[in-house]
Protein chains: 2
Amino acid sequence: MKKTAEINKTPVCKVRMQAISDVMSLLSGKWKFHIIGTLIEGNTLGFMDLLREVNGIGSKMLSKELQDLEMNKLISRTVHNTKPVTVSYAITEYGQTLLPMINEMAKWGVNYRKMVFNEHVI
Amino acid sequence: MKKTAEINKTPVCKVRMQAISDVMSLLSGKWKFHIIGTLIEGNTLGFMDLLREVNGIGSKMLSKELQDLEMNKLISRTVHNTKPVTVSYAITEYGQTLLPMINEMAKWGVNYRKMVFNEHVI
DNA sequence: CAGGATCCTTTACGATACTG
DNA sequence: CAGTATCGTAAAGGATCCTG
């Protein structure tokens with residue numbers, strides 16, 4: 001039960017732990033990834049569009065999550081001069097930078113599913 | 001407010017959304033990344049070691065999170081024939097495959113901090 | 001259409017004490 | 001040492017209704 005010395009190549013040091021905490025806090029909750037995932041395809045969608053696309057979400061949660069994401073500059077919110085008013089949401093340029101991370105997550109997750117599936121088959 | 005056609009290069013389709021949900025569910029909560037991050041450096045640690053290394057966690061949460069992670073084959077638990085019994089935890093080979101994803105998350109998070117910091121300075 | 005207000009249920013988390 | 005049991009709080013999430 002000795003601690004291996006600090007010869008590690010990719011230590012998850014304090015700074016990195018904090019960074020990951022930041023990410024988790026920005027994207028925490030049941031819906032943020034789903035919303036980002038929907039918008040990151042490049043779509044510009046209205047509130048009702050998102051209500052339909054993000055399966056299962058209610059208007060209260062959607063509203064709150066959109067505010068969080070906008071506050072963190074990951075998505076943009078545009079109000080249009082129509083009556084009644086319409087609003088459109090889109091991913092920001094900065095939000096796009098999430099893509100490599102999302103890709104890694106999806107890649108790992110897909111592989112995980114395969115593994116679980118195969119083990120069950122055996 | 002038209003939906004852009006499906007000409008996207010990296011669409012976050014249903015399968016990928018599900019995969020990301022899996023990842024989030026495996027690694028959700030306040031502590032899992034911290035535990036994984038501690039063990040992924042290659043250390044083999046006992047319960048008390050982790051209680052010290054994972055800052056702020058209590059024995060109840062630690063115990064629960066360790067069970068979750070073990071159930072998902074991300075960490076291993078070994079009981080030793082000592083008195084009183086000691087137990088050691090380590091990352092599994094499969095758990096190691098999380099590293100690319102964790103690296104991307106840390107990278108994005110570090111960059112995010114920089115951005116927030118710079119904006120505040122201006 | 002785009003949300004806010006209200007109320008309610010369900011998890012997550014934490015402190016403390018205790019056991020083999 | 002390595003946990004479990006019990007209790008309590010706080011946060012997340014959901015259903016429904018309402019408004020400019």
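Order of the sequence lines fixes the chain letters, A, B, ..., with proteins taken first and strands second; residue numbering starts at 1 for each chain. Side chains included, hydrogens not; waters and symmetry mates left out as well; all remaining heavy atoms used.
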Rounded to the nearest Å, what distance is computed from the [atom1] atom of residue [X] to the [atom2] atom of nucleotide [N]?
X       : N      : atom1 : atom2 : value
A:Lys64 : C:dT6  : NZ    : C1'   : 17 Å
A:Asp68 : C:dG3  : CG    : P     : 14 Å
B:Leu66 : C:dC13 : CG    : P     : 14 Å
A:Asn81 : C:dA2  : CG    : P     : 14 Å
A:Lys83 : D:dT19 : NZ    : P     : 23 Å
B:Met24 : D:dG13 : CE    : C1'   : 15 Å
B:Glu65 : D:dT4  : CD    : P     : 13 Å
A:His80 : D:dG20 : NE2   : P     : 23 Å

Selected nucleotide, minimal atom distance to [X] side chain, candidates [options]:
X       : options               : answer
A:Gln67 : C:dG4, D:dT4, D:dA2   : C:dG4
B:Ser63 : C:dG14, D:dT4, C:dA2  : D:dT4
B:Met61 : D:dC1, C:dG14, D:dG14 : C:dG14

Which pair of heavy atoms, one from B:Arg16 and one from A:Asn103, lies closest together, and at what distance?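 Closest approach of B:Arg16 to A:Asn103, heavy atoms only: NH2-OD1, 2.6 Å.
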By the definition side-chain contact (heavy atoms from CB on, under 4.5 Å), identify the one residue from B:Leu39, B:Ile35, B:Thr92 that meets it with B:Leu69.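 When side-chain contact (heavy atoms from CB on, under 4.5 Å) is applied between B:Leu69 and each of B:Leu39, B:Ile35, B:Thr92, only B:Ile35 qualifies.
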Given D:dG3, is OP1 or OP2 found less than 4.0 Å from the side-chain N or O atoms of B:Tyr89?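 Looking at the OP1 and OP2 atoms of D:dG3, one of them is under 4.0 Å from a side-chain N or O of B:Tyr89.
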5'-most by nearest nucleotide on DNA chain C - A:Ser59 or B:Ser28: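 Counting from the 5' end, the first nearest nucleotide belongs to A:Ser59.
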Of B:Asn72, B:Thr97, B:Asp22, which is the lone residue that meets side chain to side chain donor-acceptor pair (under 3.5 Å) with A:Tyr112?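 By the side chain to side chain donor-acceptor pair (under 3.5 Å) criterion, A:Tyr112 pairs with just one of B:Asn72, B:Thr97, B:Asp22: B:Asn72.
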Is it true that A:Met71 and B:Val116 fall in one hydrophobic cluster, defined by side-chain heavy atoms closer than 4.5 Å?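 A:Met71 does not cluster with B:Val116.
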Can you find a donor-acceptor N/O pair under 3.5 angstrom joining the side chain of A:Lys60 to the base of D:dG14?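 Indeed there is one.
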Which is more 5' along DNA chain D, the nucleotide nearest A:Gly58 or the one nearest A:Pro84? Just name the residue.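 With A:Gly58 and A:Pro84 compared, the 5'-side residue is A:Gly58.
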Both A:Trp31 and B:Val85 contact DNA chain D. Taking the nearest nucleotide for each, which residue is further toward the 5' end?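 The residue whose closest nucleotide sits nearer the 5' end is B:Val85.
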Pairwise side-chain contact, B:Asn55 with A:Met17, heavy-atom cut-off 4.5 Å (strictly under):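 They are not in side-chain contact.
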